[in-house]
Amino acid sequence: MPKPNLLILDDEIAICKSLSFILEDDYEVYASTDPDEAIALFSHVAFSIALLDLRLGMRDGIEVLKQIRSISPRTIVIIMTAYGSIPSAVEAMRQGAFYYAAKPIDIHELKVLLEKAMEQFQLQSRVEWLNEEIQKAYDVHGLIGHSSQMQNVFSLIDKVKNIDSSVLIMGESGTGKELVARAIHFAGDRQKQVFSTINCAAIPANLIESELFGYEKGAFTGAVARKTGIFETANGGTLFLDEIGELDIGLQSKLLRVLQEKAIMRIGGQKEIAIDVRIIAATNRDLKKEIQQGKFREDLYYRLNVIPILLPPLRERQEDIPSLIQHFINKINERMSKQIKGIEPDAVQLLLDYPFPGNVRELQNIIERSIALADGDRVTVGDLPGDLQTKPTQPADSKLVPVYVGETMDAIERKVILSTLQAMDGNRRKTAETLGIGERTLRDKLARYRAE
């Protein structure tokens with residue numbers, strides 16, 4: 001393992017030589033008596049630590065410190081100073097120095113200080129690395145899509161990332177709603193704060209209230225200690241409410257009040273707790289229909305739907321499939337330690353012809369299965385699931401409309417209406433009569449399809 005780079009900058013050559021000799025076993029030491037020469041070293045050496053004398057002849061060590069912090073903010077700087085200049089050392093710490101060592105230098109104390117400085121450098125590097133990994137995972141550029149629909153999604157993410165308005169992400173299961181929510185959070189001003197998520201469909205109705213708001217000790221049987229709810233733990237950050245359409249109607253009114261008042265009250269509590277949480281919700285349901293059926297509050301819908309983001313199903317952005325395939329091959333290769341170079345064209349064509357009721361998630365599962373079973377260095381038709389390899393034949397004059405497991409009723413309705421309209425040569429009156437709906441209803445649906 002390479003030794004960390006350490007810079008010694010002192011105008012006394014004897015100090016440079018003695019410290020170099022003492023520290024060279026543990027560090028790759030660079031020593032200089034010239035501030036300009038030392039600063040120049042930063043152009044080709046990544047220093048973990050710099051030992052900087054506050055008195056550098058005619059140069060002010062504080063100004064040199066500022067230069068170092070400007071060109072290499074990750075470098076941990078330790079100030080060396082005489083006892084009489086301790087106030088100056090304190091000022092240097094205000095300017096970003098890690099700590100100071102008083103002259104004459106106590107070597108034992110210096111080595112302990114250097115160890116702590118290295119711990120700080122490694123911790124700082126780890127945090128930066130994690131932030132970079134998070135950015136890579138959740139940055140909008142990590143969402144794959146060259147289609148106009150996805151470019152519109154990317155544009156919306158960029159526009160809303162730094163504002164606190166509620167966002168409602170709509171789309172079928174598997175389209176990547178949580179990934180979009182994370183991209184909004186981790187690309188924006190709240191990226192260093194908490195991103196919390198709760199699936200409203202996965203938690204029983206009698207438990208979700210305590211998960212959201214928490215409770216006080218003794219609030220009910222079994223409440224033996226205070227519990228902090230997810231709203232409190234997400235304070236300052238973002239709360240992603242997945243499958244919001246599944247939330248119990250009674251809890252919807254409590255959620256609405258939180259959005260209005262920016263405060264929550266624990267179950268059994270006596271006082272409100274102010275919160276600052278950015279809300280992003282997601283659903284695969286048609287909430288307008290839910291409102292008509294009395295299953296979702298209209299006022300809550302408008303509170304959540306300040307900024308709507310509609311994620312298209314994969315079958316409506318087929319041009320993105322080849323890029324997604326290669327993205328998943330690269331990702332799964334790394335995870336499985338495989339060396340799959342690509343996919344055969346006829347296998348790609350089968351995937352292009354498939355409707356993907358499970359959307360992007362299903363495509364990822366198919367590629368993962370295919371890579372796991374592949375014998376060669378490329379995915380072939382034989383590596384794909386059997387139901388993709390056998391395409392059902394259909395007479396050219398068939399009046400059948402294919403319906404796949406997992407498709408939403410909205411998608412099926414749309415397919416039937418558009419197929420019937422095509423069969424009637426675009427005649428809306430005949431189409432409406434055939435389908436048993438009014439012409440106005442048909443016109444409204446067609447207008448909605450064009451808008452989408």
Side-chain angles (χ1 to χ4, degrees), residues 145 147-153 168-175 177 201 243-246 249 282-302 304-305 308-321 349-363 387-388 390-452:
S147 61
S148 59
Q149 300 101 310
M150 290 306 295
Q151 291 303 311
N152 288 337
V153 171
L168 180 61
I169 306 170
M170 294 165 284
E172 297 176 10
S173 294
T175 49
K177 296 186 288 294
E243 303 297 352
I244 189 67
E246 305 290 341
I249 192 74
T283 184
N284 60 8
R285 289 176 175 262
D286 184 339
L287 291 186
K288 289 186 176 180
K289 284 188 177 179
E290 298 289 301
I291 291 168
Q292 293 171 358
Q293 296 169 7
K295 297 178 181 178
F296 202 85
R297 291 182 62 109
E298 186 173 21
D299 45 8
L300 177 59
Y301 171 76
Y302 288 113
L304 293 171
N305 195 35
I309 296 180
L310 181 62
L311 285 182
L314 187 54
R315 62 184 172 275
E316 292 182 6
R317 55 182 187 105
Q318 286 184 318
E319 62 266 47
D320 291 335
I321 290 176
Q349 189 58 54
L350 279 181
L351 292 170
L352 288 171
D353 293 340
Y354 183 64
F356 286 103
N359 291 294
V360 179
R361 186 184 298 129
E362 184 180 12
L363 174 60
D387 55 347
L388 267 73
T390 308
K391 293 177 61 177
T393 57
Q394 188 171 305
D397 61 347
S398 173
K399 303 296 184 183
L400 298 176
V401 177
V403 174
Y404 300 93
V405 174
E407 283 193 274
T408 64
M409 292 305 296
D410 281 347
I412 295 169
E413 179 189 72
R414 174 178 182 155
K415 210 177 333 186
V416 170
I417 288 174
L418 293 178
S419 297
T420 306
L421 183 65
Q422 183 179 12
M424 298 298 165
D425 297 323
N427 188 310
R428 294 188 180 186
R429 182 179 60 78
K430 288 183 179 180
T431 300
E433 288 176 357
T434 302
L435 295 171
I437 60 176
E439 283 190 60
R440 181 175 179 179
T441 300
L442 177 63
R443 186 175 64 249
D444 290 345
K445 289 182 181 294
L446 291 175
R448 177 161 62 86
Y449 299 156
R450 284 195 298 272
E452 292 174 357

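In this text, all values refer to a predicted model and were calculated from it rather than measured experimentally. Numbering starts at 1 and runs along the sequence shown.
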*Please check if the side chain of E439 supplies one atom and the backbone of E433 the other of a donor-acceptor pair under 3.5 Å.*
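Not at all, since once roles are kept as given, no pair shorter than 3.5 Å links the two residues.
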*Kindly say whether G171 contributes a backbone atom to a donor-acceptor pair with the side chain of K177 at under 3.5 angstrom?*
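Confirmed, K177 side chain pairs with G171 backbone.
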Between atom [atom1] of [X] and atom [atom2] of [Y], what is the distance when rounded to the nearest 0.5 Å?
X	Y	atom1	atom2	value
E316	M150	CD	CE	12.5 Å
E172	T283	CD	OG1	12.0 Å
Y302	I291	OH	CD1	6.0 Å
I437	L442	CD1	CG	5.0 Å
L168	I244	CG	CD1	8.5 Å

Less than 4.5 Å apart, side chain to side chain, heavy atoms only: is that true for [X] and [Y]?
X	Y	answer
D286	M409	no
E246	E290	no
I249	K295	no
L304	L287	no
L418	L446	yes
V360	R317	yes

*Stepwise, does the side-chain hydrogen bond (donor to acceptor under 3.5 Å, both in side chains) test hold for S147 with D320?*
CA-CA 6 Å; S147 61; D320 291 335; 2.7 Å; yes
*Between S173 and N284, a side-chain donor and acceptor under 3.5 Å*: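 Result is yes, a qualifying pair exists.
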*How far apart are the closest heavy atoms of M170 and P308, and which atoms are they?*
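Closest approach of M170 to P308: CE-CB, 3.6 Å.
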*Considering all heavy atoms of both residues, which atom of L310 and which atom of V153 are nearest to each other, and what is their separation?*
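Shortest heavy-atom contact: O-CG2, 3.9 Å.
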*For side-chain hydrogen bond (donor to acceptor under 3.5 Å, both in side chains), just list the numbers for E362 and Y354, CA-CA rounded to whole Å, side-chain angles, deciding distance to a tenth of an Å, and then say yes or no.*
CA-CA 11 Å; E362 184 180 12; Y354 183 64; 2.6 Å; yes
_Using a 6.0 Å cut-off, check whether atom CD of Q422 has over 12 heavy atoms from anything other than its own residue._
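No, not enclosed.
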